[in-house]
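Structure record follows, encoded as C-alpha cells.
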Amino acid sequence: MAGEKPSVELCKGVNGLDKVVLRDARGSSAEVYLFGGHVTSWRTDHREELLFVSNKAIFKPPKAIRGGIPICFPQFSSHGNLEQHGFARNKFWIIDTDPPPFPSDSSSKTFVDLILKPTDDDFKIWPHSYEFRLRVALGLGGDLMLTSRIRNTNADGKPFSFTFAYHTYFSVSDISEVRVEGLETLDYLDNLKERERFTEQGDAITFESGVDKIYLSTPAKIAIIDHEKKRTFVLRKDGLPDAVVWNPWDRKAKAMPDFGDDEYKHMLCVEAAAIEKPITLKPGEEWKGRCVLYRH
Ligand SMILES: O=P(O)(O)OC[C@H]1O[C@H](O)[C@H](O)[C@@H](O)[C@@H]1O
C-alpha cells in the first residue's frame, strides 16, 4: 500500500456517528470519533488492528465507547464528585480548524485537531471554563501520537484541578502471554484494595488475575510485550507521571454489559495518566500531556 497519499477524512462511523479517518503515505491509519474525542482504531500498514474495541461496544452517546482510547478528564476513576472518568469521553468534540501552533510537532502531516469547551449546562457539573485541545497524529513510522493541551479560561480568577488518563486498550493475543516492562519495583496504588499503596516485586509484570493498579512516578517509556504475537508496543509519555494497568479478568468481564465474557484475554489497558498529584491551572495557564504509541 506504499505510495498512497496521506489523507484526513471526516465520515460516518457506527450508528452514523462522525469520525475522522487518518491515513499516512505507507497505509497506516487511525480513526477518531468526535463523540468522546475517542480513538477507536490504529492500524499498521498491513491493516493489522493494534487497539482493542469490544465486539459488544455500544456506540450510543452518552455511554463511552468500550475500547480504543477514552480520554479521562477532569477526573480519573470514581475519586471525586464527578461521574467515573469525568465527562470528556461522553461529550461531542468539534474539529478545531485553527489551533495554536505546536512548536515541536512538525514531522507529521496526518493529524486532526479537536476541541472541547463547556456548555452552560456543563457548568452545573464542573463550574470551570476551559479549552481542551486534542491533536491525534500519525507519525511517519505509523506511530500514533496524542497531545492534549488544557487551558484554564476562567474569567473569575479561579484555578482548577484535574486528573487525567489516556485509557488505552491494547489488543493482545492472549493476556497470559503478555509482559509489561518499565514498571517493576515501582510503587503503586491498588484500586482493588481501596487504593492502598504497595511496591511492585519481581522482575517483570505478567497477568494471572484481575489487575487495577496506578503505578506512580513511572518512566517515560513502558513496553508491552506480546510473546505469542511477537509484537511489542512501546508507550512514551510526557507530562503524565503515572501509569494505570487494568484488566478486568473473567468475573468483572461478565458484569460489564458492553464487554464480552472472554474478551479480557485479548486486551490490556496501559494508561498514561496524571492521578496521584492532580494538575492545577490558574486562569491563562495551559497544561500539556502527550502519549506516543509505537509498535515493533
Ligand atoms: O468501565 P469504565 O468506567 O470505562 O472503567 C474501566 C476501568 O478504568 C480504569 O482502568 C480503572 O482503573 C478501573 O477501575 C475501571 O474499572
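Throughout, numbering of the chain's residues begins at 1 and tracks the sequence. Note that the structure is a prediction, hence the values are computed from the model and not measured. Numbering of ligands and ligand atoms starts at 1, following listing order.
Contact atoms of ligand 1 toward Gln84: 2 (P), 3 (O), 5 (O), 15 (C) (distance under 4.0 Å to a heavy atom of the residue). For ligand 1, the atoms closer than 4.0 angstrom to any heavy atom of Asn191 are 12 (O). Close contacts between ligand 1 and Phe76 involve ligand atoms 9 (C), 11 (C), 12 (O) [criterion: under 4.0 Å to a heavy atom]. Below 4.0 Å from some heavy atom of Asp212 lie the following atoms of ligand 1, by number and element: 11 (C), 12 (O), 13 (C), 14 (O).
Ligand 1 has at least one atom lying under 4.0 Å from a heavy atom of Arg66.
Side-chain N/O atoms of Thr206 and Arg179 include no donor and acceptor closer than 3.5 Å.
For ligand 1, one of its N or O atoms has an N or O atom of His167 under 3.5 Å away.
Heavy atoms of other residues, nucleotides or ligands lying less than 6.0 angstrom from CG of Asn15 number more than 12.
Counting only heavy atoms of the protein, atom 6 (C) of ligand 1 lies nearest to Trp246 CH2, 3.6 Å. Closest protein heavy atom to atom 4 (O) of ligand 1: Arg89 NH1, 2.9 Å.
Here Glu271 has side-chain heavy atoms under 4.0 Å from ligand 1, and that is the only part of it that gets that close. At a 4.0 Å heavy-atom cut-off, ligand 1 does not touch Lys63 at all.
Expressed to the nearest 0.5 Å, how far OH of Tyr130 lies from CZ of Arg151 amounts to 15.0 Å. Between the CG atom in Leu189 and the CD1 atom in Ile214 there is a gap of 5.0 Å [rounded to 0.5 Å].
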* Asked: Step by step, would you call Lys254 with Asp261 a salt bridge (Lys or Arg N to Asp or Glu O under 4.0 Å)?
  -> CA-CA 5 Å; Lys254 287 200 176 84; Asp261 290 358; 5.2 Å; no

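Using a 30° and 60° split on the angle between ring planes, Tyr169 and Trp246 fall in the perpendicular class, above 60°.
Distance alone, capped at 3.5 Å, places no donor-acceptor pair between the His167 side chain and the Ile69 backbone.
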